[in-house]
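The sequence lines fix the lettering, A, B, ..., with proteins before strands; numbering per chain opens at 1.
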Amino acid sequence: MSLEQFKNRNVGVQSYKTLDVGTPPKTGMEKFTQVVKRSVKGELFVGLGVVMKRMLEALFKNDMHTVKYPFEKMPISPRYRAIHEMLRLLESGNYRCIGCGLCEKICISNCISMETRYDENQRKEVSEYTINFGRCIFCGYCAEVCPELAIVHGQRYETASEQRAGFSLFEDMLTPIDQLNLQQEFDGFGAVSPNADDNIKQTPLAY
Amino acid sequence: MSELETIDNMISITIDGTEFKAKEGEYILNAARANNVFIPAICYLTRCSPTLACRICLVEADGKQVYACNAKVKDGMNITVDTPNILEERRAIMEVYDVNHPLQCGVCDKSGECELQNYTLHLGVDSQSYMIPDTKRETANWSSVLHYDAGLCIVCERCTTVCKDMIGDAAIKTVKRGGEALDKGFKDSMPKDAYSMWNKLQKSIIAPSNGTGETNCSDCGECAAVCPVGALVSRDFVYSSNAWDLKRVPAVSAHSSDGFQIYYEVKPTSIEDRTEKIYRVTNEWNYVSLDGSARFAYDFQNTTATKDEKAFNSAIEAFKKADTIRFNSMITNEEALMLQTLKEKMGVKLYNPEVKAFQTFLNYYEASSGNSLWTTDTDSIMKKSDFVISIGSALRNDSPGMKYAFNNVQKLNKGAGLYFHPVGDTLIPTFGKNIESFNHKVGLEELALYLVLDLFADKDKLPEDVKSYIDSFKKSEKQTIQEKLVKTVKEMVLNEESGEEEEVSKKVTEMVEKEVTVTVNTLVDILGGDSSKFDATFEKMMKKKESFVMMLGEDLYYHNKAENIAKLVALVEATCNIDIVMTPPKSNALGVALICELDDEQSGYTIGYNENGDFRLSALGNGDIDMPAMNQQEGTLTSMNKRVLPTNAAVDYNGYELNDLMKELIDAPELTIDWTQKLPTDRGFKSVAFDDLPNSFENDGTDNRGYILETSNVDTELPKVEKCDESSVLDGEIAYRCNPARQFNDFTDKSHEIFEPFALYASKDKAESLGEKVEVIFDNGTITLDVIADEKMTGDIVKVADFKALEGVYDLFGGSRYKTVTLRKV
Ligand code: SF4
Ligand code: SF4
Ligand code: SF4
Ligand code: SF4
Ligand code: FES
């Protein structure tokens, strides 16, 4: 393999836009003038003023600018990769996972493990499923590879635990059946792209 | 075949501009494969006949489109694999295969190793142009091991082909499925071959050939192995693991003496239990076909074993005071060598009733023929033989590899066969049109060999006494035969129009009796054949036959005239143009026979290795000290093809091995496989280290596994053979020591996918007359067994299974495979 591509260190330079930040002071005199200017201007008090204004708003106008973590949490981007969830089909309430094992296969840190069997309805049933969150690096591959949008990343990002290994079972991650109406369709890694319809060709069917 | 001849048969062909050598008369596809050129092909199986179901193997040869699997190479042939037209055909074919194919790859057992997936991707099928309404196709269980999902089936007919051409059961076939008729418009709009392939595909589906829902076959699972898609899968394996999760451990089938190549496929047992478990057994099905024991008897490992020091110490004590070690053929060459070394150093007796008779027979054979071992093997039989004779072996039960070869010769080499056995079998004659089976009386095996001499020997080479003995069976006889005679008779008939009687002449054929003198070969009649028809049949069988082979089985080794039989075999070899092959009874019998000096009797304090004894080493986990089972140890096995084959450990073993005991008792090397190099070179073994043994097939099917035993042959004089003593023929109620197919030993029995019970097997009528349970009374003991009807058996002889060592069936039969017994209903 050639090392050319490794030697070129100007990665991405071509598409950067540089901001106009003026010219930094060069001589000693210039630097001195800059310090004096800033001190006299009292920029420190501008900052303090903003804080005071926000505090008064919070105290008297009930307009909070912080959240009371852990009682409150900020909404996070759908693309954030937190603890996994297992989704259900909205119509039937069945779990979506078909037991294809792709997540198990793709998992880069080898922390998914599953067992399947032939069930009474001649279908493949997931009889056991675990993720070891002590090893998971939240890369999102599992969610991306899942053909059924069954395994997704949820919003629970607190992953501190007392032990290194922390196993979650299928039931732990599965949407509780009584909260099916609260189940959110996932927009992050592995979700259907907005223009998916344009990208597929329909298979002709004769019925 | 000498080197020169091989080169002479080679011709040159050009594929896509590159010149290659190919064997004359070979199919283009095989020639390409042998030269590592890829031609897409779905339905063709290397050792079976082409079915032309898929048509994807289209190539252009000398400007004409041909099917590579069905067209033979010619000298100077110019082959193009892809032309625009062919690529169009192939793509259309793959699109058609994908029409209504369930989008089920996510759960399908074949996903990841599916040929439909592979070719769809290979040919870049990214859109579908065809459609037709689907028909409902049901899943079904065909037997205790076969699961068929018709929805996934692409009707490539590989399963039916392998079952017919290789296995011989022909238990499945294509049937009508009542699919919608194709839109006529497609005929003009789509590529020609794709259309005709679709036309056939749309009409057919696979089903058991006997019309019931059950295959009632030998449950070998080979059909499932060759299925390119997830349609045919073993019932036990369905949805239990993805192909890519399984690790393949190359090994050798442990139970029959065929030495089939297998892979144990392992992965952790479950999420909680991370010890590896065998999920299934697979094989290189283009080059080797497995029987049911090789494929399904895999989970016989000794799981409970621990390093129990107390047991170890008492084992050492036991070995120190032992007079005899009793064992069977379920043992590697290395372990056999350990026992032999023990015998040499400590003077113990080695007792092995399973192998002893075979070993003695081999010695007789070597003494009278000068050959240290038989002269051919199943691979070369399938490659070139066209006439097979089987004597002394219940082909269906004893030796799957021989059965496949016998059948394959009929199907692919336009062969013929003679089958001599006291127990009638309805399956063997269905292998081909040119098979004669002789159900002779027990004890007439020598006469069968005399008949072979009579039919095939170069009479000038035969000793006078043999010639006159054979001639003594030829009788001139006056026979009255029926002959057709055409006569003209005159008759008075009433003419209806005129109302008058008229004379009319009519031709009538009449059968008249006529006396003629014919030579009757009474040998044929004595052996249970029909001499009046045999001559004509035999003449037909012999048409265009060039390569003859005789298969010998266990009955002959246990014969009380074994020595004479061995001489007769040597005489056949010397005077007829017939190659010999023998079936070693079970597993590593040949290895044991070559390595160990076995004693005739056991006496005194006996150590049983997987056998009865005062102190028992057992890989079944029920003895005084645990041993590793065959799937838990490394070592080599010697197969009927005279190959020394390496096998590997598939699952963990935590106890002591025989070598640990040896280290304590005698001067033994560190590891069991350190013995591999020490195998006796004077018996044909080579001094090769275990890790240097190759284990693969080449693309053209050449078997490169392990090495072939060195054999020697010296010139000998023609052996002096005795006449057959017809008075030793057994009459009355006869029991035959013979296992049901798929059962060979305690280990097959332990495996959860083997269901054939330890019982007495009888033909349907016999079983009915015997009732449910019988006591079989021998002169030295009795055994009570359930009676099971084997629909493919005929006659009155009953088969008594011997696969449970602790039941002592070998002791009941003594030095023989047949015994007169009393059967008492209980
Ligand atoms: S996020 Fe990545 S590491 Fe974690 S389970 Fe999924 S694939 Fe494995
Ligand atoms: S990839 Fe999705 S459907 Fe497949 S096993 Fe994982 S969670 Fe289930
Ligand atoms: S047979 Fe092959 S293509 Fe069909 S569902 Fe199974 S893996 Fe997919
Ligand atoms: S079951 Fe499998 S091997 Fe048999 S015809 Fe169908 S696809 Fe081919
Ligand atoms: S491989 Fe030749 S027709 Fe299928």
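At most 12 heavy atoms of other shown residues, nucleotides or ligands fall within 6.0 angstrom of atom OH in A/Y141. Remark: B/R274 CZ is packed, more than 12 non-hydrogen atoms of other residues, nucleotides or ligands lying under 6.0 Å away. Residue A/R123 places its CZ atom among 12 or fewer non-hydrogen atoms of other residues, nucleotides or ligands, all under 6.0 Å distant. Within a 6.0 Å radius of CG in A/N121, other residues, nucleotides and ligands contribute more than 12 heavy atoms. Around atom CZ of A/F45, no more than 12 heavy atoms belonging to other residues, nucleotides or ligands sit under 6.0 Å away. Annotation for A/Q184: atom CD does not count as buried by contact number, only 12 or fewer foreign heavy atoms lying within 6.0 Å. The neighbour count for A/R54 CZ, taken as heavy atoms of other residues, nucleotides or ligands under 6.0 Å away, is above 12. Within 6.0 Å of the CD1 atom in A/I177, the count of heavy atoms belonging to other residues, nucleotides or ligands exceeds 12.
If you take CE on A/M114 and OG on B/S270, they are separated by 13.5 Å, rounding to the nearest 0.5 Å. Interatomic distance, B/Q104 CD to A/C100 SG, rounded to the nearest 0.5 Å: 13.0 Å. The distance from the CD atom of A/Q202 to the OG atom of B/S127 is 12.5 Å, given to the nearest 0.5 Å. Once rounded to the nearest 0.5 Å, the distance linking CG of B/N242 with CD of A/E104 reads 7.5 Å.
At a 4.5 Å heavy-atom cutoff, the contact between A/P204 and chain B is made by backbone and side-chain atoms alike. Looking at B/D183, there are no atoms closer than 4.5 Å to chain A (heavy atoms on both sides), in backbone or side chain. Heavy atoms of A/E125 lying under 4.5 Å from chain B are absent altogether. Only the backbone of A/Y129 comes within less than 4.5 Å of a heavy atom of chain B; no side-chain atom from C-beta onward does.
Looking at heavy atoms from C-beta onward, B/D109 lies out of side-chain contact with A/Y118 at the 4.5 angstrom threshold. Side chains of A/L205 and B/M131 form no contact here, defined as non-hydrogen atoms less than 4.5 Å apart. Two residues are said to be in side-chain contact when any heavy atoms from C-beta on lie closer than 4.5 Å; B/V238 and A/R117 fail this criterion. Between A/E115 and B/I271, the closest side-chain pair of non-hydrogen atoms falls below 4.5 Å.
Of the possible donor and acceptor atoms, one in the side chain of A/T116 sits under 3.5 Å from a partner among the backbone N and O of B/Y239.
Each of B/E272, B/R235, B/H147 has some count of heavy-atom pairs under 4.5 Å with chain A, and the biggest count is that of B/H147.
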Go through it in stages, so that I can follow the logic: the residues are B/Q128 and A/T203, the test is side chain to side chain donor-acceptor pair (under 3.5 Å), and I'd like the CA-CA distance, side-chain angles, deciding distance and then a yes or no. CA-CA 6 Å; B/Q128 179 62 272; A/T203 304; over 6 Å; no
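Nearest heavy-atom pair across A/K124 and B/V107 is NZ-O, 3.4 Å.
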